[in-house]
Amino acid sequence: MTSRPLDYDNLNDNVKKCQYAVRGELYLRASELQKEGKKIIFTNVGNPHALGQKPLTFPRQVVALCQAPFLLDDPNVGLLFPADAIAKAKHYLAMAPGGLGAYSDSRGIPGVRKEVAEFIERRDGYPSDPELIFLTDGASKGVMQILNATIRGQSDGILVPVPQYPLYSATISLLGGSLVPYYLEETANWGLDVENLRQSVQQARYKGITVRAMVIINPGNPTGQCLSEANLKDVLRFCYQENLALLADEVYQQNIYQDERPFISARKVMMDMGPPLSKELQLVSFHTVSKGYWGECGQRGGYFEMTNLHPKAVEEIYKVASIALSPNVPAQIFMGLMVNPPKPGDISYEQYIRESKGILESLRKRAHIMTDGFNSCRNVVCNFTEGAMYSFPQIRLPPKAIEAAKAAGKVPDVFYCLKLLEATGISTVPGSGFGQKEGVFHLRTTILPAEEDMPAIMASFKKFNDEFMEQYED
Ligand SMILES: Cc1ncc(COP(=O)(O)O)c(CN[C@@H]2CONC2=O)c1O
C-alpha cells in the first residue's frame, strides 16, 4: 500500500518526539492488568474524584441549576436547593447570554473574569485587570497557549525545573522549541539555586539557544516543595536581569500542608518589589479548578493572568484563543464559584467551609502518612510533601537491580515501578518521566488514596520494596 498522510512515519516529527509519562507505559500496563481483573490503585494521576474524593456540594448545586435552568421555574426548587445556590445560578445565567449551551467570548465570560480579578486583588492586595485574564480549558490549555506564543523555533529555549511536570517538556517538544533544564536540589528540600539557573542559561546561550522564559511550579509537581518569598524574589530578580518572562504555575496554591512556607503568589512578590520589576517584568500566572480542595479535574476550568505584556501581544494571544471559539462554559462557572465562594452569613457557608477544611486536613494527614511510610522503607528516602498532591521518594536501587533492568531493556525506575505494579497493583509514575539527576531514581505517587486505605497501601509498598531490595542487594 502506498504511504499515506496519517501513517506513523508521515506524522509531524514533533508529535512523535513528545512524551507525557503521567499516562505513559506504567499507566497503560496498569490498564491492561485492570482489564485482566487485577485490582489497581491508580495513584499515577492527581485526579482526586477518581480516588473517592466527594465534590463540594455548593458548586455542583449551582452548576446543576445553570445546566437545567427549567428547574428554577419549578415551585419545588427550594425544597432541593438552598436559596443562595438558586441566587448564584441566576447570577451566572445572567452573565452568560444563551446559557451554558452557547459559546462565550474567547477569553471567557467577562463577569467571571472580573470575579477572578477581584479574587487576585483580595489575595495579593494589588489591582488586577480582567482584560488581562483569559479563562481556559484547564490550566493545561493556558500553558500551551502561552508557550505557543513564546516559542518561535528550535533555537528558542524555555527554562524548566527538573523534575518537572511533563506538560512543559511535552508542549515544548510539540512546538519545536528547546527545553533548558534547571535542577532542583533534592538534599535542599528540592530548593532552587540561582547560580544553577545562571549556569543553565549560559550553557544554553553557548549552544546558540535564546532563553525566552522561565517556568516555576509552586507548589511543585512532582516534588511538592513550596517556594519561600526569598526564593521568589531571587527568581524574579534573575528573570529581570536575564530578560526572561516568568511563567508561574500556581495550580496547587490551595494545597499547602505546612505552616512555615504559606503560598505567596509570584505576582504579589513582584508588585511588592516595586519598579522596575513591577512595571517591566513579564509574568503569566496559571490557576485551575482541578486541584486544591476542589479537584474538579474533569470540568476543565482554568485561567491565566498576564502582567506587563504589551497590548498588541495580548491581542495576538486573544486572536489565537478565538480559533478555538470559546472556553468550556460550565467550567467557567466553576471557576467563578471557586474564586467567589460562599461568604460568612450565606446559607451554604458553613457547609462549604466544613467540606473544604475536611478535605485539606485529610490531605495534610495523608501527606505525612505517605512520607513517613516511604522513609520507613529500605533504601528509600523521601522529602515531605509541603504542598501539591504528590510524593516523590528517591529509590536507591542496588547495582544488581540496575543490571536486571538493563537486561529487561527497561530504564531502572520503570523496571522497579513495573515490578511494584505487578506485585501490589499500585500504579505510579517512574521519576524518569519527570526528569532527574543521572543515576538517581524516583517514583511519583499521589497522596490521594482514601485516608483509611493509606496505611494498608503503605504496608503493601513496604513489603514489596523490602523484598525487592533483599532480592537485589549484594
Ligand atoms: C503543575 C501542573 N500544572 C497544570 C496542570 C494541568 O491542570 P488542568 O487540569 O487545569 O489542565 C497540572 C495537572 N497535574 C497532572 C494531572 O494529574 N497528575 C498530574 O501531574 C499540574 O500538575
Side-chain angles (χ1 to χ4, degrees), residues 19-24 26-27 30 41-51 53 55 108 116 134-147 158 160-172 184 190 214-227 246-256 263 265-266 284-305 324 327-328 330-332 334-335 338-339 363 385-392 427-435 442-449:
Q19 302 290 328
Y20 180 69
V22 173
R23 287 193 159 164
L26 259 292
Y27 172 72
I41 304 160
F42 282 101
T43 69
N44 55 308
V45 193
N47 199 5
H49 297 184
L51 283 138
Q53 180 176 310
V116 172
F134 286 16
L135 304 182
T136 56
D137 294 341
S140 302
K141 286 295 173 59
V143 166
M144 295 172 99
Q145 285 175 26
I146 295 301
L147 286 176
I158 308 291
V160 173
V162 175
Q164 52 99 34
Y165 169 50
L167 164 67
Y168 291 93
S169 50
T171 305
I172 292 166
L184 301 176
W190 297 112
M214 174 178 177
V215 175
I216 55 171
I217 305 174
N218 178 38
N221 172 8
T223 46
Q225 87 288 6
C226 294
L227 292 178
L246 181 60
L247 309 186
D249 183 325
E250 300 172 333
V251 298
Y252 295 104
Q253 59 187 269
Q254 287 177 352
N255 299 100
I256 305 298
F263 174 76
S265 73
V284 185
S285 309
F286 302 91
H287 200 6
T288 181
V289 300
S290 297
K291 306 301 172 185
Y293 41 82
W294 281 61
E296 292 280 9
C297 303
Q299 308 296 353
R300 311 312 295 131
Y303 76 75
F304 60 78
E305 180 198 28
N328 171 333
Q332 294 183 52
F334 275 105
M335 180 54 79
M338 186 176 87
V339 298
L363 283 168
T385 300
E386 296 179 346
M389 288 184 171
Y390 310 98
S391 196
F392 196 62
S427 169
T428 59
V429 185
S432 44
F434 302 92
H442 301 81
L443 64 80
R444 189 195 81 171
T445 176
T446 69
I447 59 169
L448 296 175

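None of the values given here were measured: they were computed from a predicted structure. Just so you know, residue 1 is the first one in the sequence shown, and it goes up from there. Order of listing sets the numbers, starting from 1, for every ligand and every atom in it.
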Subject >> Euclidean distance, T223 OG1 relative to E386 CD, rounded to 0.5 Å >> reply: 9.0 Å

**OP:** Mind jotting down which protein residues get a heavy-atom contact under 4.0 Å with ligand 1? Chain and number order, please.
**Re:** V45, G46, G138, A139, S140, Y165, I217, N221, D249, V251, Y252, T288, S290, K291, R300, Y390, R444

Original post:
T445 pairs by side-chain hydrogen bond (donor to acceptor under 3.5 Å, both in side chains) with which of T43, T428, N44?
Top reply: T43

Original post:
Are R300 and S140 side-chain neighbours, meaning at least one heavy-atom pair lies under 4.5 Å?
Top reply: yes

**OP:** Quick one: list whatever passes salt bridge (charged side-chain N to carboxylate O under 4.0 Å, His left out) with E250, sequence neighbours left out.
**Re:** none

**OP:** Classify the ring geometry between F134 and F304 as parallel (under 30°), tilted (30 to 60°) or perpendicular (over 60°).
**Re:** tilted

**OP:** State, without any angle test, whether Y165 and D249 hold a side-chain donor-acceptor pair at a distance under 3.5 Å.
**Re:** no

